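As the structure is a prediction and not an experimental result, all values here were calculated from the model. Values below: all heavy atoms of this structure, side chains included; hydrogens, waters and symmetry mates excluded.
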Amino acid sequence: MKLIKLSVYKNNELIRAVPFKNGLNLIVNSISQSGGTGNSVGKSTPSRLLDYLFLSSGEDIYTEAEFGKPIPDVYRFINENTIYVELEIEGFDLKEHKIGRTLTTDPKSSVYYLDSKVCDKSDYVDLVAKQVFGQVNEKPSIRNLSHKFIRNTNEKMQNTTRFLHGNTKPDIYDQLYLFLFGFSGLDLLRDKANLNNKIRTKTKHLAAYRNPHRESALQKMIAPLKAEEAELQDKIDAFDFTGSQDSSVKELVDIQNKISDLTIGYSKIKTRLSYLEKSITKVRESASSVAGKELTTIYAEAGVAISDGLKRSFEDLVVFHNKVVSNKVNLLKSDFEEYQEEEARVRDEISSLQNIESGIFKHIKEPDTLKSIGILYNNLSKIKEQIAGISALLGKIESAKSEIESLENSKLKVVQEIAKNTENLDNNVELFNEYFGELSKSFYGDRYIFDLEFDLETEKCRFDVVNIAPNPTGGKKKGELSAFDLAYIQFVKSTNIKRPSFVIHDSIEDVDVNQVFDIFQRAEHLDGQYIVALLSDKLVDPRFDLLKKQSVILELSESDKFFKI
C-alpha cells in the first residue's frame with residue numbers, strides 16, 4: 001500500500017493538499033528573511049492529521065504538547081468552521097480508496113467517510129485496518145500499530161522498539177511484534193489457550209472422579225460385588241417358602257427384583273435427559289451469540305468465498321447458519337422427546353409394580369418369611385446399586401480420559417502449526433536484520449541487530465536492539481531508529497507481507513548532518529515512503545540541493561501556515 005495525497009477542506013473549500021511520492025518526502029519551512037525559527041508553521045500537522053485519520057483523538061492537533069492547553073487560533077479555527085480531512089491511498093488490494101473524517105474538538109461527534117460518502121465508523125475502521133495496516137484480526141489494534149509508523153513525538157523518536165505509552169502491558173508488544181514480523185498464527189495461539197483451558201477443566205473433573213479411588217481400585221471392587229450379587233440371587237432363588245403363602249411371596253420377590261432393575265434404568269434415563277437438555281440450551285446459546293460480522297470473518301478465515309463461491313448474500317449466509325443450528329436442535333429435541341416417552345413408560349411401569357407390591361403386602365400373613373426374603377432383596381438391591389454406581393464412575397473416568405487424550409492430540413497439532421509459524425517468524429527477523437545491520441553500518445559504522453525471541457511455551461516475546469555501543473542517545477539514537485524503520489520497509493517489500501511501507505519521522509535536527517544526508521540518500525531510493533518534517537536550517541549544505549528539489553512535498557512559512565490561519 002502507499003499514501004497518495006492528504007487534503008484538508010474548510011467549509012467544503014480545499015485549503016491544503018499534500019501529495020506523497022515514493023522514496024523521500026520532506027516537509028520543511030521556508031528560510032525566513034526576518035530570522036523566524038520556522039517552529040510554529042505546522043510542519044508536524046500532516047503527521048497528526050494522518051494519525052487522526054488512523055483513529056487518534058486529534059488533541060495533539062489543537063493543543064500544545066507540554067501542558068495540553070488549547071492553541072487559541074487552531075482551536076477557534078476548528079470550532080468555528082467545518083473542517084474535513086481526507087486521505088487518498090492505494091490499498092493492499094491495489095485499488096485507490098479515500099478515507100475521510102471531520103476534524104472536531106469532540107472526537108465522538110466526528111463523521112466518517114469512505115470514498116467521500118458518509119459511512120458507519122465500523123466500516124471505516126474495517127477498511128483502514130485491512131487496506132492500510134493489513135490487519136484482519138482484532139489485535140493488535142490500529143492505535144497501537146499507528147505509533148510504529150507515525151513517530152511524531154520526542155518519546156517515539158527516542159524509543160526504537162518501545163514506542164508505546166510507558167504503562168503499556170508486555171502482551172501488547174507481544175501481539176505487535178508477532179504481527180509486524182509476519183507471525184500468522186495469532187489465531188492458533190488463541191486455539192491453544194482454549195484447548196489448555198478445556199484440558200485443565202477435564203483434568204479437574206478426572207481428579208474429582210478418582211477421589212477417593214482411582215480406576216484400578218474401582219475395577220477391582222466390581223468382581224467381589226458381582227460374586228456377592230450372584231450369591232444373594234442364588235439364596236433368593238433357593239429360598240424355602242414351606243409353610244408360607246408360597247405364590248404371594250414369590251410374586252413379591254419377583255416384583256421387587258423388577259422394580260430394582262427398572263429404578264436403575266430410570267436413573268440412567270434421567271441422566272441422559274439432563275445431558276440432552278443442557279446440549280439443546282448450549283446449541284441455542286451459540287446460535288444467538290454468532291454476530292453477522294463474526295460469521296463473515298469465520299467464513300473468510302476458512303477460505304470460503306462468500307460472494308462469488310457461495311453466490312448468496314450475507315443475510316442468506318446468516319439464515320443458512322441458523323438453519324444448521326436449528327436442525328441440530330431439532331435432532332436433539334427428537335432424542336429428548338424419545339427419552340421423555342421412555343421415562344414416562346418406565347415411571348408408569350414402576351408405579352404399577354409398586355401398586356401390585358402394596359397389594360401383595362396386604363394379603364401376606366407370614367411376617368417372618370416376608371422379613372427374611374425382604375432382607376435378601378434389600379441386600380441385593382444395595383449390591384446392584386453399588387455395582388451400577390462404580391460402573392457409572394468408571395464410565396465417567398474413561399470418558400474424561402478419552403476427552404483429555406483427544407484434546408491433547410488437537411493441541412499437539414496446533415502446537416506443531418505454531419512451531420511452523422515460529423520458524424517463519426525467525427526467518428523473517430533474520431532477513432530484517434540483514435537490512436537493519438547493513439543500514440546501521442552504513443550510517444554509523446556500527447551494526448545493529450534486532451533480537452526478537454518468541455517463547456513457544458509462555459507465548460511471550462523478548463526483544464531488544466543490540467549494538468556494540470550500548471544505550472546510544474540523542475542524534476545517534478534517532479539514526480538507529482531511522483535504520484530500523486527503513487529496514488522494516490525493505491523487509492516488507494522483500495517478503496510481500498501486507499504491512500505498511502511508509503514511516504513518518506519528526507524532529508531529527510539533532511542527528512549529525514552527515515548521517516542525515518546518508519539517511520536521505522538511502523530513503524530517496526527506497527521502495528516505500530519515508531516522510532520527514534524538519535527545519536530547513538538542517539539542509540543548508542549544498543549536498544542537499546538536489547534532494548530538496550526532488551523531495552520537498554510541502555514548504556510552510558509564517559505567512560503560509562498549514563491551516564492558512
Validation row: [X], [Y] side chains within 4.5 angstrom (heavy atoms):
{"X": "Asp426", "Y": "Phe454", "value": "no"}
{"X": "Leu452", "Y": "Leu425", "value": "yes"}
{"X": "Leu26", "Y": "Leu534", "value": "yes"}
{"X": "Thr422", "Y": "Phe183", "value": "yes"}
{"X": "Tyr177", "Y": "Val429", "value": "no"}
{"X": "Tyr530", "Y": "Phe520", "value": "yes"}
{"X": "Pro46", "Y": "Phe562", "value": "yes"}
{"X": "Arg16", "Y": "Leu6", "value": "no"}

Identify every side-chain donor-acceptor pair in residues 493-504 under 3.5 Å, counting partners at least two apart or on other chains, and give the distances.
residue, atom, partner, partner atom, Å
Ser494, OG, Tyr435, OH, 3.4
Ser494, OG, Gln490, O, 3.3
Ser494, OG, Phe491, O, 2.9
Thr495, OG1, Phe491, O, 2.8
Thr495, OG1, Val492, O, 3.4
Arg499, NE, Phe179, O, 2.7
Arg499, NH2, Phe179, O, 2.9
Ser501, OG, Met1, O, 3.0

Ignoring hydrogens and angles, tell me if any N or O in the side chain of [X] forms a donor-acceptor pair with the backbone of [Y] under 3.5 Å.
{"X": "Gln529", "Y": "Leu3", "result": "yes"}
{"X": "Asp115", "Y": "Lys98", "result": "yes"}
{"X": "Ser440", "Y": "Tyr448", "result": "yes"}
{"X": "Lys192", "Y": "Leu195", "result": "no"}
{"X": "Asp120", "Y": "Ser122", "result": "no"}
{"X": "Asp518", "Y": "Phe443", "result": "no"}
{"X": "Arg151", "Y": "Lys156", "result": "yes"}

Considering all heavy atoms of both residues, which atom of [X] and which atom of [Y] are nearest to each other, and what is their separation?
{"X": "Leu103", "Y": "Leu49", "answer": "CD2-CD2, 4.2 Å"}
{"X": "Gly437", "Y": "Arg447", "answer": "C-NH1, 3.2 Å"}
{"X": "Ile489", "Y": "Gly528", "answer": "CG2-CA, 3.9 Å"}
{"X": "Glu86", "Y": "Ser116", "answer": "OE2-OG, 3.2 Å"}
{"X": "Ser47", "Y": "Ile150", "answer": "O-CG2, 3.8 Å"}
{"X": "Ser551", "Y": "Glu524", "answer": "OG-OE1, 2.7 Å"}

Among side-chain atoms of [X] and [Y], is any donor-acceptor pair under 3.5 angstrom?
{"X": "Tyr52", "Y": "Ser110", "value": "yes"}
{"X": "Thr45", "Y": "Arg48", "value": "no"}
{"X": "Thr105", "Y": "Asn79", "value": "yes"}

Q. Could you walk me through whether Leu145 and Leu180 pass the side-chain contact (heavy atoms from CB on, under 4.5 Å) check?
A. CA-CA 9 Å; Leu145 283 167; Leu180 288 174; 4.0 Å; yes

Q: From the options Val85, Ile89, Val128, select the one residue that forms a side-chain contact (heavy atoms from CB on, under 4.5 Å) with Leu53.
A: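 Only match with Leu53 under side-chain contact (heavy atoms from CB on, under 4.5 Å): Val85.
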
Spacing of [X] atom [atom1] and [Y] atom [atom2] [to the nearest 0.5 Å]:
{"X": "Glu430", "Y": "Ile449", "atom1": "CD", "atom2": "CD1", "value": "9.5 Å"}
{"X": "Phe92", "Y": "Gln135", "atom1": "CZ", "atom2": "CD", "value": "11.0 Å"}
{"X": "Tyr113", "Y": "Asp123", "atom1": "OH", "atom2": "CG", "value": "15.0 Å"}
{"X": "Thr153", "Y": "Asp506", "atom1": "OG1", "atom2": "CG", "value": "9.0 Å"}
{"X": "Ile142", "Y": "Leu55", "atom1": "CD1", "atom2": "CG", "value": "5.0 Å"}
{"X": "Ile99", "Y": "Leu114", "atom1": "CD1", "atom2": "CG", "value": "8.0 Å"}

For atom [atom1] of [X], is the number of surrounding heavy atoms from other residues, nucleotides or ligands below 6.0 Å larger than 12?
{"X": "Lys538", "atom1": "NZ", "answer": "yes"}
{"X": "Glu90", "atom1": "CD", "answer": "yes"}
{"X": "Asp106", "atom1": "CG", "answer": "yes"}

Closer than 4.0 angstrom, basic N to acidic O: yes or no for [X] and [Y]?
{"X": "Glu423", "Y": "Lys420", "value": "no"}
{"X": "Lys460", "Y": "Asp171", "value": "no"}
{"X": "Glu453", "Y": "Arg462", "value": "yes"}

Which side-chain N or O atoms in residues 405-413 pair as donor and acceptor under 3.5 Å with protein atoms at least two apart or in another chain?
residue, atom, partner, partner atom, Å
Asn409, ND2, Glu405, O, 3.3
Ser410, OG, Ser406, O, 3.2
Lys411, NZ, Asn196, OD1, 2.9

Please find out if less than 6.0 Å separates the ring center of [X] from that of [Y].
{"X": "Phe463", "Y": "Phe181", "result": "no"}
{"X": "Phe450", "Y": "Phe436", "result": "no"}
{"X": "Phe149", "Y": "Phe54", "result": "no"}

Q: Could you check Arg143 against Ser146 for side chain to side chain donor-acceptor pair (under 3.5 Å), going step by step and ending with a plain yes or no?
A: CA-CA 5 Å; Arg143 291 306 308 138; Ser146 69; 2.9 Å; yes

Q: Before giving the answer on side-chain contact (heavy atoms from CB on, under 4.5 Å), spell out for Asp527 and Asn22 the whole-Å C-alpha distance, their side-chain angles and the decisive distance to 0.1 Å.
A: CA-CA 6 Å; Asp527 185 12; Asn22 253 16; 3.7 Å; yes

Q: Measure up the Tyr84 and Tyr9 rings against each other and bin them: parallel (under 30°), tilted (30 to 60°), perpendicular (over 60°).
A: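 Ring orientation of Tyr84 relative to Tyr9: tilted.
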
Q) Is the Tyr209 ring parallel, tilted or perpendicular to the His205 ring (thresholds 30°, 60°)? A)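 Answer is tilted, since the angle falls between 30° and 60°.
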
Q) Please walk me through it: do Thr82 and Asn12 pass side-chain contact (heavy atoms from CB on, under 4.5 Å)? A) CA-CA 8 Å; Thr82 299; Asn12 296 320; 5.9 Å; no

Let me have the donor-acceptor pairs involving side chains of residues 161-168, under 3.5 Å, with sequence neighbours excluded, atom names and distances please.
residue, atom, partner, partner atom, Å
His165, ND1, Asn167, N, 3.0
Thr168, OG1, His165, N, 3.3
Thr168, OG1, His165, O, 2.7

Q: Starting from the C-alpha separation in whole Å, work towards a yes-or-no answer on salt bridge (charged side-chain N to carboxylate O under 4.0 Å, His left out) for Lys5 and Glu96.
A: CA-CA 11 Å; Lys5 184 170 66 174; Glu96 290 191 7; over 6 Å; no

**Q.** Derivation and outcome, side-chain contact (heavy atoms from CB on, under 4.5 Å), residues Gln158 and Leu481
**A.** CA-CA 8 Å; Gln158 287 289 349; Leu481 184 145; over 6 Å; no

